[in-house]
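Bear in mind that the values here come from a model prediction, so they are computed numbers and not experimental data. Chain naming here is simple, since letters A, B, ... match the order of the sequence lines and numbering starts at 1 in each.
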Amino acid sequence: MDLDTFFVSVERLQNSALEGKPVIIGGTSDRGVVSSCSYEARRFGVHSAMPMKFAKALCSEAIVVRGDMDVYTRYSKMVSDIIAEKAPVYEKASIDEHYLDISGMDRFFGCLQWTKELRQEIIRETGLPISCGLSVNKTVSKIATGEAKPNGEIEVPLPIVKDFLSPLSIRKIPMIGNKTYHLLRSMGVSNIGTLSLIPIEMMESLMGKNGIVIWKKANGIDPTPVMQYSERKSIGSERTFERDTMDIMGINDLLVSMVEKLAFQLRKEEKLSSVITVKIRYSNFDTHTLQKRIAYTSFDHVLIPLAKELFERLYTRRMLLRLVGVKLSGLVRGVQQLNLFEDTSEMIKLYMAMDSLRKRFGSGSVRRASGIKMKEFEEKKKCI
Amino acid sequence: MKFVVSSIELLSHLQAVSRVISNKNTLPILDNFLFSMEKGVLKITASDLESTLVTSLQLENTDGSGDIAIPAKILTDILKEFSDIPLTFEIDINAMSIVIQSESGKFTIMGQNGAEYPQMPVLKDDQKQSLEIEGEVLLSGINKTLFATADDELRPVMNGIYMELSPDDTTFVASDAHKLVRYKRTDVNAEAASSFILPKKPASLLKNILPREEGVVKLEFDDKNAAFTLTNYKLVCRLVEGNYPSYNSVIPTDNPYKMTIDRVEFYNVLRRVSVFSNQASNLVKLALSGNQLSISAQDIDFSISANERLNCQYEGEDMEIGFKSTFLIEILSNLATSDVIMEMSDPTRAGILLPSGSDDENEDILMLLMPMMINT
């Protein structure tokens, strides 16, 4: 199941004026990219991951919305909750995609009926359009969902899997990106039917192991199971600047606010991190990272100096920076063991109070003063 | 030189001192025992440069004197294989050969020059302080505190037992910043106030040899080293340099909530419930309400949980506090009384565990455990 133009649909729920108009969600600056766009905008040739400048040129009357990830996450969770309640096994593949394994649900008036009812329920409860494809495995279901859009449903039972796939463009196979597409097109392969007829050995010599997987997908074979849950290995945050910068003070403040948010996320999920990584990208796209192993922690006051120290060691060239990022990995579930000499009761209570504020009013509701300056920092950048 | 010794007796002394020998020695000669014979007394020394342990044996059938270093491993390995029989050691100091003769056999080992063995550090006479302490008291001071010492290379002062001496009492303190033990004896008095930090290794060596000995231990120390003299053993060790953190200031004094509970029951319940705690954090939650303590743990990753209730005497407001179960279990197992008292103030401050009704009025034990931060 895949939510149609998810970000746009959420924005439309909140602002009905956007209904029926071309809407583009993404960074509002010229350097931003399109993260989602409505079908009306797609008609102009706009698609996601396109530079915003380009998209605006294509579709000048489009309404550009900055987007709010917090709201999207909330809606996504609403959908997941409905699915979790009904489906025996589900996998949340991304913010707007879910795979459901409904083997055995055919007893309830058939799988298709069950799926239809689930889909209607999601639409009724959340108001978001959703499409679904019902088929024998994850790959075919995903392709079918793509075909069902917008706001539709398709069933591809086992006997017609091949007939369904054959006429479709090879681009529809999830693994095939631009490069593979061009490679196959140069060989004269344009639809899945042709691809499935290529001998598997040839695919292997052409693309190695991936060739075999693509060939299998083209033949409607995909044994990967629907995995209920996969442990996240790290959490991170990065920021590309509007303009390349050398404002070290500003970047330090940015690191502080990033770490602050990540550390809160750790504490909220009752996790501790043991590795901190800082990443920078110079204006010539040279990317450097530096990481450090630390004692398990989820405290800002431990992580912030580490992030700053790593950044200082990392930034050695006098060149403008394009991007900085922080990542916390080596995560384990657990809560902080307090230290007799370092953690005072007042500080722990401060953490607890700030966290409960953040839980109630959002993660940006309380922050360090240097984090508040971040807004000015951005505005200043814009003015230049 | 030459001497006759019982194989078992020699082995027992060697095994006691061999614990000093480290398996990553910087000096090859430290893989040896130093045998020194003088006036019918055999002294055996083992050292890792930081700690040196000497044991002495009074022998009857001896001849000559001198020093020689004998490889530790081969000597203990061969002695283990004998039943209790007399062995004759014939040592040629010039050739550095050691011949061990039993009734029916002859074993030859090559030694090293005893003069190359590092000298035992000598305490500075002008700074030296000394004190006599009952062996049993020293042993219980080490036993009660050793488990709470840290293993932190960055803060070496925490890796030892802090001994604080004063004319009124002697205090043993150990802490790894999560738990802290303060063991005070009012029956051990020094002439003047002073203190030192005894590292972990010599402390555990003492823990091992003190039960073998009876009587008084003579403790001498200066700013660098400490020497413990027992009847048959002498331990000299380098002290940890640096200042011990001011432990008294972190012990909360105002703890209005007080729980009295059966120690063994509490311990057993914790052992059971902690099986269900998260393996990384070992968090158990203690919820106090009325006269009931409810202990719970869960591991979300495996969807397992446990909850057990216990009766206790509790004076205070209802509260919930989280602890690392392994620490709490360790503390309870190091207390001896049938009931323990736990004093608390709030979930972000340390909990204090005290024995309830100790038999020995000369001792004062306080164990402290920092809680874990739980979301409420």
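- Between V332(A) and S274(A) there is no side-chain heavy-atom pair separated by less than 4.5 Å.
- Looking at E309(A) and R313(A), a side-chain N of the basic residue comes within less than 4.0 Å of a carboxylate O on the acidic one, giving a salt bridge.
- For D346(B), the part lying near chain A is the side chain, with the backbone staying farther off; criterion is any non-hydrogen pair under 4.5 Å.
- Contacts between F327(B) and chain A at a heavy-atom distance below 4.5 Å involve the side chain alone, from C-beta outward.
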Inset, instruction - Begin from the C-alpha positions of E121(A) and K86(A) and carry the test salt bridge (charged side-chain N to carboxylate O under 4.0 Å, His left out) through to its verdict. - result: CA-CA 10 Å; E121(A) 176 161 356; K86(A) 302 267 173 185; 3.3 Å; yes
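- Ring-plane geometry between Y315(A) and F311(A) is classed as parallel, the angle between the planes falling under 30 degrees on a 0 to 90 degree scale with a further cut at 60.
- If you measure heavy-atom distances from S175(B) to chain A, the contacts under 4.5 Å come from the side chain alone.
- Shown are R267(A), Q265(A), K268(A); of these, the side chain to side chain contact (heavy atoms under 4.5 Å, CB included) with R358(A) is made only by R267(A).
- The residue among E346(A), Q336(A), E342(A) with the most heavy atom pairs within less than 4.5 Å of chain B is Q336(A).
- Neither the backbone nor the side chain of I251(B) has a heavy atom closer than 4.5 Å to any heavy atom of chain A.
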